[in-house]
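Worth knowing before you read on, the calculation uses all heavy atoms, side chains too, and leaves out hydrogens, waters and symmetry mates.
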Amino acid sequence: MSETARRALPDRTWVLDDLVEHAGIRAAIAVSGDGMLLVKNAALDRADAERWAAVSAPLQSCARHGMEPLGYPTGGFEQVMVQHARGFQLLQPFGEESYLVLVTEADADLGVVATEMQATAQRLGQEMGTAARTAAGNRP
């Protein structure tokens with residue numbers, strides 16, 4: 001997505017602000033497949049969010065293509081979780097080549113976080129004009 005196209009998108013900060021109000025979720029961004037920041041929660045510094053978006057792109061690329069040698073289709077992944085000493089980073093696709101990325105506290109209830117993340121991914125898909133993936137990874 002070009003910088004001009006990204007700037008033309010309506011502000012969807014409120015969607016991610018709703019998400020980070022849940023216990024244990026520290027920050028969230030929406031990212032294009034090429035690593036461009038689409039949306040961030042309001043409290044997150046823009047420079048930090050853009051850097052986080054850029055470093056998240058290889059993570060989603062590995063998830064999309066990592067199982068191809070075993071005959072799995074590209075883009076069939078539903079979620080990526082990286083455990084850090086201070087929390088978790090979760091990444092989930094939504095819409096066309098877009099990803100929701102969030103960071104949690106170490107003691108976050110990951111079941112609740114995953115449920116909220118799924119609902120937010122669907123909302124972002126609706127708000128940004130692209131269909132969200134179903135639980136099986138297919139588009140409706």
Side-chain angles (χ1 to χ4, degrees):
M1 177 178 290
S2 72
E3 180 67 18
T4 303
R6 184 185 63 79
R7 289 180 187 201
L9 292 173
D11 182 13
R12 298 295 182 236
T13 301
W14 61 271
V15 175
L16 297 185
D17 285 347
D18 286 351
L19 178 62
V20 298
E21 287 182 2
H22 293 278
I25 300 175
R26 292 185 55 207
I29 56 175
V31 183
S32 68
D34 59 0
M36 295 292 294
L37 178 66
L38 300 174
V39 181
K40 67 174 188 63
N41 65 284
L44 188 61
D45 177 76
R46 180 154 198 91
D48 290 342
E50 289 180 347
R51 190 169 138 224
W52 186 20
V55 298
S56 295
L59 190 61
Q60 64 82 21
S61 181
C62 288
R64 284 181 44 199
H65 300 287
M67 295 178 67
E68 283 178 358
L70 302 174
Y72 286 75
T74 300
F77 83 96
E78 296 177 18
Q79 192 172 64
V80 175
M81 179 175 71
V82 178
Q83 184 173 5
H84 295 263
R86 296 175 54 191
F88 295 89
Q89 177 174 308
L90 300 168
L91 186 144
Q92 179 174 334
F94 74 91
E96 293 290 331
E97 300 286 324
S98 301
Y99 305 89
L100 173 62
V101 186
L102 63 81
V103 168
T104 72
E105 302 290 345
D107 61 350
D109 182 334
L110 293 180
V112 172
V113 171
T115 299
E116 295 303 327
M117 190 172 189
Q118 177 67 28
T120 301
Q122 289 178 348
R123 181 188 274 179
L124 283 171
Q126 293 167 351
E127 291 292 329
M128 298 177 87
T130 55
R133 294 177 190 270
T134 65
N138 301 320
R139 297 190 198 296

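- For the atom pair CE (Met117) and CD1 (Ile25), the distance works out to 8.5 Å, reported to the nearest 0.5 Å.
- A distance of 10.0 Å separates CG in Leu44 from CD in Glu50, rounded to the nearest 0.5 Å.
- Of all non-hydrogen atoms in Lys40 and Ile29, the two that sit nearest each other are CB-CG2, 3.9 Å.
- Looking at Gln60, its side chain does come within 3.5 Å of a backbone N or O of Gly33 through a donor-acceptor pair.
- A donor-acceptor pair under 3.5 Å is formed between the side chain of Ser98 and the backbone N or O of Glu96.
- Applying the salt bridge (Lys or Arg N to Asp or Glu O under 4.0 Å) rule to pairs touching residues 12-24 yields Arg12-Glu127, Asp18-Arg123, sequence neighbours excluded.
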>> Working note: Arg64 + Phe77, criterion side-chain contact (heavy atoms from CB on, under 4.5 Å); need CA distance, chi angles, decisive distance, verdict.
In response: CA-CA 6 Å; Arg64 284 181 44 199; Phe77 83 96; 3.2 Å; yes
> side-chain contact (heavy atoms from CB on, under 4.5 Å) between Leu124 and Leu16: does it pass, once the steps are laid out?
Replying inline: CA-CA 9 Å; Leu124 283 171; Leu16 297 185; 4.1 Å; yes
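- Remark: the backbone N or O of Ala28 is paired with a side-chain donor or acceptor of Asn41 at under 3.5 angstrom.
- By the side chain to side chain donor-acceptor pair (under 3.5 Å) test, Thr13 pairs with Asp11, sequence neighbours left out.
- Taking the side chain as every heavy atom from C-beta outward, Tyr99 and Val80 never approach each other to under 4.5 Å.
- Shortest non-hydrogen contact noted between Ala57 and Gly35 is CB-CA, 3.7 Å.
- A salt bridge (Lys or Arg N to Asp or Glu O under 4.0 Å) check over residues 22-32, counting only residues at least two apart or in different chains, returns the pairs Arg26-Glu105.
- Expressed to the nearest 0.5 Å, how far CG of Asp107 lies from CZ of Arg86 amounts to 12.5 Å.
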>> Run the side-chain contact (heavy atoms from CB on, under 4.5 Å) test on Val101 and Gln89 for me, step by step, so that the C-alpha distance in whole Å, both residues' side-chain angles and the decisive distance to 0.1 Å come before the verdict.
In response: CA-CA 7 Å; Val101 186; Gln89 177 174 308; 4.0 Å; yes
> Run the side-chain contact (heavy atoms from CB on, under 4.5 Å) check on Val103 and His84 step by step: do they pass?
Replying inline: CA-CA 10 Å; Val103 168; His84 295 263; over 6 Å; no
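- Within the 4.5 Å cutoff, the side chain of Thr120 has heavy atoms near those of the Leu100 side chain.
- Residues satisfying the side chain to side chain donor-acceptor pair (under 3.5 Å) criterion with Gln79, sequence neighbours excluded, are absent altogether.
- Here Val112 sits alone; no ILVMFWY side chain lies under 4.5 Å from its own, so it joins no hydrophobic cluster.
- The shortest heavy-atom contact between Glu78 and Pro93 is O-CD, 3.3 Å.
- With a 4.5 Å cut-off on side-chain heavy atoms, Val113 and His22 do not count as touching.
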Show me the side-chain donor-acceptor pairs of residues 65-76 shorter than 3.5 Å, one per line, residues at least two apart or across chains.
| residue | atom | partner | partner atom | Å |
| --- | --- | --- | --- | --- |
| His65 | ND1 | Glu68 | OE2 | 2.7 |
| Glu68 | OE2 | Thr74 | OG1 | 2.2 |

